[in-house]
**Student:** 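If you scroll down you'll find the structure; I have some questions about it.
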2 protein chains.
Amino acid sequence: MHKEDTLTKNQQIIFDLIDKSPEPMKAYSILHDVQKKGIKAPLQVYRALDKLVEIGKIHKIESRNAFIACHNSSCQVSKATAFSICEICEKVTEISSASLSKYLTNFKDKDGMKYSKYNLEFFGLCKKCR
Amino acid sequence: MHKEDTLTKNQQIIFDLIDKSPEPMKAYSILHDVQKKGIKAPLQVYRALDKLVEIGKIHKIESRNAFIACHNSSCQVSKATAFSICEICEKVTEISSASLSKYLTNFKDKDGMKYSKYNLEFFGLCKKCR
DNA sequence: TTTAAATTGTTATAATATAACACTATGTAA
DNA sequence: TTACATAGTGTTATATTATAACAATTTAAA
Ligand SMILES: [Zn+2]
Ligand SMILES: [Zn+2]
Ligand SMILES: [Zn+2]
Ligand SMILES: [Zn+2]
């Protein structure tokens, strides 16, 4: 783990749940699962999610409105992320490729502008689904 | 224009609106604007949007839930897209870079898998906002 | 200690998107 | 032309995702 922040109670509960999940979790699915732990309202979930994203413990898969724990020590606090997504089984994997992140971080657009923050989602079929 | 499909009435109305917009448009904003043309329900908008995305006339900016007309003849029917997004003014620009698309299309993950479909969103500050 | 910042709990509501069903237009093939 | 399939439409209702607003509490510094 590369972020040593101390999580609050709600943040820890929600992070643990996402971290244990084999697949990205959606906010209301999280809500359902943590109600037995006293987290009863959507906002409690979204606030924890926002914070966890901010500090880089989890990422949002934008095309799926779902959240996944970070398992890539080189993604600079949630600012530069890449994922592969299976279009059949919806399996999502965080890509940790030094060359990819180097290429994207150094990429310059037509105006010569560089971007340290990006999100890349690759779509295809995973090994199992091919 | 690189896609010669004939659009239906609703698709044409909604495409024209998005195509003229200087910025990405959200579904309910589109709905508001086309009500005078007889399109009254969210589903009519979402169905046209789905089709327009499918045939590559528009793209969805996933991190913003908004839609923008395609102005990049090299993005293969909506399958391989890249955008820059200004975090202050929200200006969105489609990136047409042969080297970027080549790099990403040829990118192989750890399992040697290639992906012809991807969506990349860069974040930063545009010229004006810097 | 007192003060500011962050977090929590709660209710209500906004914003985004789809299900289900009946109907209509359009194109293709017998 | 008629039959059939496919795509598109109109409509109502509903599901899903996310935030506003406000009061209270906890935490961490100054
Ligand atoms: Zn990560
Ligand atoms: Zn799969
Ligand atoms: Zn395009
Ligand atoms: Zn800007």
Side-chain angles (χ1 to χ4, degrees), chain A residues 3-18 21 23-68 77-78 85 87 90 92 119 121, chain B residues 3-18 21 23-68 77 85 90 92 119 121:
Chain A
K3 289 104 189 177
E4 304 306 324
D5 308 83
T6 308
L7 301 181
T8 66
K9 185 169 137 272
N10 287 2
Q11 289 161 11
Q12 190 69 58
I13 289 168
I14 286 170
F15 175 73
D16 287 345
L17 181 63
I18 296 171
S21 171
E23 62 210 15
M25 294 194 74
K26 307 198 128 209
Y28 278 75
S29 161
I30 292 167
L31 175 59
H32 174 266
D33 287 2
V34 298
Q35 287 193 321
K36 47 183 162 296
K37 303 221 174 184
I39 297 175
K40 291 184 216 149
L43 248 199
Q44 295 175 284
V45 172
Y46 278 104
R47 285 196 283 224
L49 289 173
D50 286 350
K51 189 67 185 181
L52 291 167
V53 166
E54 185 192 326
I55 64 181
K57 301 280 286 186
I58 65 173
H59 303 303
K60 182 174 186 180
I61 309 300
E62 292 286 356
S63 65
R64 299 299 186 259
N65 297 315
F67 300 86
I68 189 174
V77 189
S78 178
I85 302 172
E87 290 185 293
E90 295 291 323
V92 173
N119 181 56
E121 300 182 2
Chain B
K3 289 104 189 180
E4 304 305 325
D5 308 83
T6 308
L7 301 182
T8 65
K9 185 170 136 271
N10 287 2
Q11 288 160 13
Q12 190 68 58
I13 290 169
I14 286 169
F15 175 72
D16 287 344
L17 181 64
I18 296 171
S21 172
E23 62 210 14
M25 293 194 74
K26 308 199 127 207
Y28 278 73
S29 162
I30 292 167
L31 175 59
H32 175 266
D33 287 2
V34 297
Q35 288 195 321
K36 47 183 162 295
K37 304 222 175 183
I39 297 175
K40 290 183 217 152
L43 249 197
Q44 295 174 284
V45 172
Y46 279 105
R47 285 197 283 225
L49 290 173
D50 285 350
K51 188 67 185 182
L52 291 167
V53 166
E54 184 192 327
I55 65 180
K57 301 279 287 183
I58 66 173
H59 303 301
K60 183 173 186 180
I61 310 300
E62 293 287 356
S63 66
R64 299 298 187 261
N65 298 315
F67 299 86
I68 190 175
V77 189
I85 303 171
E90 294 291 323
V92 173
N119 181 56
E121 299 181 1

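Letters A, B, ... are given to chains in the order of the sequence lines, protein chains preceding strands, and every chain is numbered from 1. Just so it is clear, the structure is predicted and the values come from calculations on it, not from any experiment. Just the heavy atoms: all of them, side chains too, but no hydrogens, waters or symmetry mates, feed the values below.
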**Student:** Hey, where on DNA chain C does chain B first and last touch, going 5' to 3'? Cut-off is any atom under 4.0 Å from a heavy atom.
**Tutor:**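 Extent of the interface on DNA chain C: C/dT16 to C/dA20.
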**Student:** Atom CZ of A/Arg47 to atom P of D/dA21: distance rounded to whole Å?
**Tutor:**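 Atom-to-atom, A/Arg47 to D/dA21, this comes out as 14 Å.
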**Student:** Less than 4.5 Å apart, side chain to side chain, heavy atoms only: is that true for A/Arg64 and A/Ile85?
**Tutor:** yes
**Student:** Under 4.0 Å, counting only non-hydrogen atoms across every strand here, what does A/Gln44 touch: a base, just sugar-phosphate, or nothing?
**Tutor:** base
**Student:** Below 4.0 angstrom from OP1 or OP2 of D/dA18, is there any side-chain N or O of A/Lys60?
**Tutor:** yes
**Student:** From CE of A/Met25 over to P of D/dT17, roughly how many Å is that when rounded to an integer?
**Tutor:**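 Going from CE in A/Met25 over to P in D/dT17 covers 12 Å.
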**Student:** To check you understand the geometry: which heavy-atom pair defines the closest contact between B/Glu62 and A/Ser63, and what is its length?
**Tutor:**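 Answer, listing the atom of B/Glu62 first, then A/Ser63: OE1-CA, 3.6 Å.
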**Student:** Quick check on DNA chain D: between B/Gln11 and B/Ala41, whose nearest nucleotide comes earlier from the 5' end?
**Tutor:** B/Gln11
**Student:** Starting from P on D/dT16, measure out to NE2 on A/His32 and report it in whole angstrom.
**Tutor:**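 From A/His32 NE2 to D/dT16 P: 12 Å.
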**Student:** Would you kindly give the OH-to-P distance between B/Tyr46 and D/dT17, to the nearest whole Å?
**Tutor:** 13 Å
**Student:** Return the minimal non-hydrogen interatomic distance between B/Gln11 and B/Lys51, and the atom names on each side.
**Tutor:** NE2-CG, 3.4 Å
**Student:** Quick one, A/Lys40 and A/Leu31 - any side-chain contact, counting heavy atoms below 4.5 Å?
**Tutor:**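 No. Closest side-chain heavy atoms not under 4.5 Å.
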**Student:** Do you know the tightest heavy-atom contact between A/Val53 and A/Lys60?
**Tutor:** CG2-N, 4.5 Å
**Student:** Quick one: is D/dA18 close enough that its OP1 or OP2 comes under 4.0 Å of any side-chain N or O from B/Asn65?
**Tutor:**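 No, outside the criterion.
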**Student:** Just wondering, do B/Ile14 and B/Ile18 contact through their side chains at under 4.5 Å, heavy atoms?
**Tutor:**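 B/Ile18 reaches B/Ile14 side chain to side chain.
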**Student:** Report yes if a side-chain nitrogen or oxygen of B/Lys40 is closer than 4.0 Å to either non-bridging phosphate oxygen (OP1 or OP2) of D/dT11; otherwise report no.
**Tutor:**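 Yes, B/Lys40 has a side-chain N/O under 4.0 Å of OP1/OP2 on D/dT11.
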**Student:** What is the distance from CG of B/Asn10 to P of D/dT11, rounded to the nearest Å?
**Tutor:**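 Computing the B/Asn10:CG to D/dT11:P distance gives 11 Å.
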**Student:** Nearest-Å distance, CD (B/Gln35) to C1' (D/dG10)?
**Tutor:**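 For the pair B/Gln35 CD and D/dG10 C1', the rounded distance is 14 Å.
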**Student:** Provide, to the nearest angstrom, the distance between the CG atom belonging to A/Leu43 and the P atom belonging to D/dT16.
**Tutor:** 19 Å
**Student:** Between the side-chain atoms of A/Tyr28 and the base atoms of D/dA15, is any donor-acceptor pair under 3.5 Å?
**Tutor:**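 Not at all, since no donor on one side and acceptor on the other fall under 3.5 Å apart.
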**Student:** At their closest point, which heavy atom of A/Pro24 faces which heavy atom of A/Glu90, and how far apart are they?
**Tutor:** CD-O, 4.5 Å
